[in-house]
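Proteins come first, then strands; the chains are lettered A, B, ... in the order of their sequence lines, and each starts at number 1. Basis for what follows: all heavy atoms, side chains included, without hydrogens, waters or symmetry-related copies.
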Protein chains: 4
Amino acid sequence: MLSFENDYSSTAAPEILKRMQETADEQNPGYGDDDYCKAAAAKIGKYCDDPSVQVVFLTGGTQTNQVVLDAITPPYAGVVAADSGHVAVHEAGAIESTGHKVLTIPAHYGKIRAADLDDFCERFYADANHEHMVAPGSVYISQPTEYGTVYSREELAAIAEVAHSHHMPLFIDGARLGYALTAVSNDNCDETETPDTPDDPAEPTEPTTMATMADIARICDVFTIGGTKCGAMIGEAVVFTKHNLPSHFTTLVKRHGALLAKGWLLGLQFDTLFTDDLYFNLCRHANEEADRIREVLVRKGYNVAFISSTNQIFITVPNATATALQKNVRLGFMEQVDAGHVMLRICTSWATTDAQVDQLIKLL
Amino acid sequence: MLSFENDYSSTAAPEILKRMQETADEQNPGYGDDDYCKAAAAKIGKYCDDPSVQVVFLTGGTQTNQVVLDAITPPYAGVVAADSGHVAVHEAGAIESTGHKVLTIPAHYGKIRAADLDDFCERFYADANHEHMVAPGSVYISQPTEYGTVYSREELAAIAEVAHSHHMPLFIDGARLGYALTAVSNDNCDETETPDTPDDPAEPTEPTTMATMADIARICDVFTIGGTKCGAMIGEAVVFTKHNLPSHFTTLVKRHGALLAKGWLLGLQFDTLFTDDLYFNLCRHANEEADRIREVLVRKGYNVAFISSTNQIFITVPNATATALQKNVRLGFMEQVDAGHVMLRICTSWATTDAQVDQLIKLL
Amino acid sequence: MLSFENDYSSTAAPEILKRMQETADEQNPGYGDDDYCKAAAAKIGKYCDDPSVQVVFLTGGTQTNQVVLDAITPPYAGVVAADSGHVAVHEAGAIESTGHKVLTIPAHYGKIRAADLDDFCERFYADANHEHMVAPGSVYISQPTEYGTVYSREELAAIAEVAHSHHMPLFIDGARLGYALTAVSNDNCDETETPDTPDDPAEPTEPTTMATMADIARICDVFTIGGTKCGAMIGEAVVFTKHNLPSHFTTLVKRHGALLAKGWLLGLQFDTLFTDDLYFNLCRHANEEADRIREVLVRKGYNVAFISSTNQIFITVPNATATALQKNVRLGFMEQVDAGHVMLRICTSWATTDAQVDQLIKLL
Amino acid sequence: MLSFENDYSSTAAPEILKRMQETADEQNPGYGDDDYCKAAAAKIGKYCDDPSVQVVFLTGGTQTNQVVLDAITPPYAGVVAADSGHVAVHEAGAIESTGHKVLTIPAHYGKIRAADLDDFCERFYADANHEHMVAPGSVYISQPTEYGTVYSREELAAIAEVAHSHHMPLFIDGARLGYALTAVSNDNCDETETPDTPDDPAEPTEPTTMATMADIARICDVFTIGGTKCGAMIGEAVVFTKHNLPSHFTTLVKRHGALLAKGWLLGLQFDTLFTDDLYFNLCRHANEEADRIREVLVRKGYNVAFISSTNQIFITVPNATATALQKNVRLGFMEQVDAGHVMLRICTSWATTDAQVDQLIKLL
């Protein structure tokens, strides 16, 4: 059956499978202490415009968020996140299992605003009882967000500035980073949101700019480059900037059960993804396929929420429409909006073919 | 200086100090395995109308919430609480430090509603992704609430029914239980809140009834009887009903660093408090002193929030009024409501004297 | 350079890589809810002679130990393990990070004895202070052990009987299970150990029997089938017997950051391994290559410790010999035995070739 | 019945009860932010010969060990302790519940040796796999030890030097500190242990010196002054030296459920104990009573183990003797040494009277 259910239902880009086959007769040192990991880290450093970044390769997204946030958040403190953030909602308490509360602030189409973050911290420290409360200790955002929206370079810089002013590192969860890095724009989302609020201090008035990987490396303290959803078989690259690698990080990774014996398999994949822009080409393709679907949806009058130019599309449809669609195509079921309507997610991936999109368009 | 800052600024009721003095030459077995603990448990059982309740004595409130909630909440699950609940806001992450997320639902003057709780659980299990989310595993409420309001017997029964229907134990934090048990009514609060909403399913239409300790024991799965704020020097009695004492509870208490070597000191205090209704008399006195203050406040046109008949009074006053008041009396500072106003708490206790209240009234 | 460093330095058996390539164009449901996982579970059930076993696929060994032991060990209790056990020594505190103490008993060439386990538990419960101590809550053993030795069916049954008599589940870490299942015998080790102790109650006097997977499934409560070290690219199969799957296990796995999005990749690998005895054939080959090396070592008078018939060989050699060897072959460095000697590990794997062994033999 | 069961079976020194009575009408600020805590801290600073020490008051011993060790031990590391140490044996996993492994080294009559500690750390860092192991992160010792023995100033200094050379803070658990500070000597124990081993590098050959509180404050990084077992009703003073107070320590204490609302009660007690040498006088009295018992025991040929000059005496007696004794006096049961003998503990306390000792002596 046709499926636009998610971006992790295909094995891996052909280039990666080929590379695995080619290196099958090798023997490599374990636990990430191998040449592929080193080569991949160096290539990522180039894309970051910063050879000093420290790169560690882990297996899965929730695992990565857990290991990194536990390492960078002080023991007395919590993780500030959007109330729609993956760590707040869909990680089964992985963050709390390490003893850290997730402190939520409002999400606007998945994004937090620097002003809200600042306000949250200011109110916290102004509270006479704040020693009895969980202090904000680190900031988690996702790029793109769980709703496919994208922070601009200016927004990221503003959030980082606020985070740093309150002595918090900024962590960017890039489980789908490639889709954000190759998005054409983030304008639609802002426009939809608050078109006429010139006095909103959180809203930049100048034209916003898409953030590159180098921008992200310069702005935040640690970010991840998702492989699982962006062409790799498995794997997430954790990039510590500003010499932020936590002390004894390998031991911390092991302690979380997250140290892969065959670490070179992760390095090999990221080495491949960051050769000849493969990572970007794979993700751009998914965005373009999503654009084709979006165009049809808008033209046909579908109720499309969270418009962005990444690979996720959220539509609200009558129950009957949903039922009809789902007979022929697997889609993500998001929520029952009201008695008569549901929100569905259409998700393309690096593996989505023109033919699959053509089929879907016929069903819309 | 005059102080109405809180209800834990005085040592202990004279009866308790006298008893400690009288027994000073004794030697008693440690860790709660003594006759005073047994006697106190038996007396509490009588007030519960249920000799089968299992009573354990701990030292402090946050400690008690942490130990009990960790013991009764499954490892994959969280604690449902009001967003104003003590465990959600003012315990510095003590619950999360045991690996459990606090799941919040809206507070109405400090109270949760059975219908909201049911809705939360229904939506949780209806979510296609709920296996990736923290399940509701236990319910935490406080009686009286952090705002001094009181659940009626009907409200408690309704919450318990919903909790049980979703396989969750109901835990009642009675850090100030005595003040609720001796409150004259809980009508004001409800009236203030939603006077004209006959069709609100969460609002009982019949006259509500104050819950006794026997009601509470019958309705919930475990509750605490606060000593620290209700006449004891230190100590919280944990009362497990329905034979709910968790397996190996002594070890769990020890593991949390919460097993007091001189446990008999806790037993001795509760034995004293539950002799000749001392616990109730002490708390009723505080409520009556609070009533005298409330009457003046209302007469003088103060903005009184969260009206109840327990020992806490919340007023919103202009900054200047607050500054003037605080020159002569220590009050709890709650929050800066807006640029010009603050909310203050006036808190009486079992130790509050008529003279102190007279002094305060002169200042109002 | 020639390497006998470990059994996880090669990618995967050719059959697995081929299968991955063949299925590369498919789309599969996430999180283990796919046909490959179902098929693999069914095949494992057949080898267990028990279709009711419940099989879950995870990624790595330490991760698996952490998730499973946390799920089956009561919160007040610890995990009993050999003092040489992987969970006790080489998991960076992964078990303690979940709040459980690892309680160690003596290892005899990596193996624990049922009598020691019984004695440990008897003494624990006889201790007047045992409520202040960490109770034995589950039993961890590895098959083969970290030293390559193998428990006989009788030994496993005896340990299970003791564990069950003290209300503990028995968990068998089978990270290298295939090498134990295809070992020719476990006699050498026992012989070496205590040849003349007829009165040792822990030592079976009848001829011992190699345990099959069906024996293991019948005897223990949960075990793992290691893939990472036995021919798979990554992956460990967790097999719950006796309907022991913990409640909400998927959520617990997710909470530990251990739920792989592309779970079908694990299912696909185990489906392949348990087709046409591939798993057994791969591991038997490694054992046979090890036997060839062992024979030469014994003939040449090397000091071989922990003799077994699995794929790990431990030799104690003078420092100079070690240095000379390591110039030409990567070996595992175990420990500095004394000022003049070191213990090295020679480890074959499913991927070891005849030519590699020939080369090594020339160096010995 | 006569009891020499432990040193925490009496309420509190009369001076403390008197002071509580005298201050019963006061109102004091909560959570340790009061004048009594400040005064007590200042007095402790004087005894430490260091006004810069930072003093925090907690309630119980296990709680204190848990809170402090969790705060000073890095997340990737464990706590090194004697295998007989309280944190290793009798705290029900309180340390592990915070995620830290307890790493044990051999106890010699309750004491660890600097050389053993150094050897442990050297071997750890020499291990090729140490990144996969729990690193030694802090050192825990108790003064006096669980067996009543006392470290000399030289021994403490040597342990601290080793700890610091491996970047670990040294924590001294002084649950019974007063008994060590007022012990006449620590010679017996050393003499018993290794009288003729001049070449043992861990054994000082010069005459050893009893450590004062000032010595302890100068040598270690944090220590506790036990109140519960040394004259107070409840309470342990935590003394951070060298400006070591952990960041946000109040929040960390609260997070562990260990922040006492009526903190001034702890301050008041320690203020009393450190006025006119009360703490020392109370404990010296217990030691002297123990000396009277020891003298009789030695004279009558009892098998006395762990001889020291503090308040605990351990004797090994035939079962029949034990049964006879325990008919008339409550003693601590330590362990069944062999089929015919048990080890009992005779424990005096600050509250032990001459008459009680006379009675006991008659029974011996």
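Atom CD of residue A:Q63 and atom CG of residue C:L259 lie 11.0 Å apart, to the nearest 0.5 angstrom. Atom CD of C:E96 is separated from atom CZ of A:R255 by 9.0 Å, given to the nearest 0.5 angstrom. Between the CD atom of A:E5 and the CG atom of C:N28 there is a distance of 10.5 Å, given to the nearest 0.5 Å. Atoms CG and OG, from A:L252 and C:S97 in turn, are 10.5 Å apart once rounded to the nearest 0.5 Å. Between the CD atom of C:E26 and the OG atom of A:S10 there is a distance of 9.5 Å, given to the nearest 0.5 Å.
For chain A, no part of C:F4 is nearby; none of its heavy atoms comes within less than 4.5 Å. Contacts between C:A261 and chain A at a heavy-atom distance below 4.5 Å involve backbone atoms as well as side-chain atoms. Proximity to chain A (any heavy atom under 4.5 Å) is restricted, for C:L265, to the side chain, taken from C-beta onward.
Environment of CG in A:N328: crowded, with over 12 heavy atoms of neighbouring residues, nucleotides or ligands closer than 6.0 Å. Dense packing is recorded around CG of A:D354, with more than 12 heavy atoms of other residues, nucleotides or ligands lying under 6.0 Å away.
No donor-acceptor distance shorter than 3.5 angstrom exists from the side chain of C:Q21 to the backbone of A:K18, with no hydrogens or angles considered.
Judged purely by distance below 3.5 Å, without hydrogens or angles, the side chains of C:T228 and A:K262 never pair a donor atom with an acceptor atom.
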With side-chain contact (heavy atoms from CB on, under 4.5 Å) as the test, would you mind laying out the steps for A:M233 and C:M20 before giving the verdict?
CA-CA 10 Å; A:M233 183 181 283; C:M20 282 193 175; 3.5 Å; yes

Could you go through A:Q356 and C:Q27, starting from their C-alpha distance and side-chain angles, then the distance that decides it, and tell me whether this counts as side-chain contact (heavy atoms from CB on, under 4.5 Å)?
CA-CA 12 Å; A:Q356 287 168 338; C:Q27 284 181 298; 3.8 Å; yes

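Minimum heavy-atom separation, A:T11 to C:T23: OG1-O, 4.0 Å. Residue A:Y8 comes nearest to C:Y31 through the heavy atom pair OH-OH, 3.2 Å, listed as atom of the first residue, atom of the second, then distance. Contact detail for C:H90 and A:K254: the closest heavy-atom pair is O-CE, 3.2 Å.
If you tally non-hydrogen atom pairs under 4.5 Å between each of C:P14, C:A351, C:G257 and chain A, the highest count goes to C:G257.
Looking at C:L260 and A:I234, their side chains come closer than 4.5 Å, going by heavy atoms from C-beta outward.
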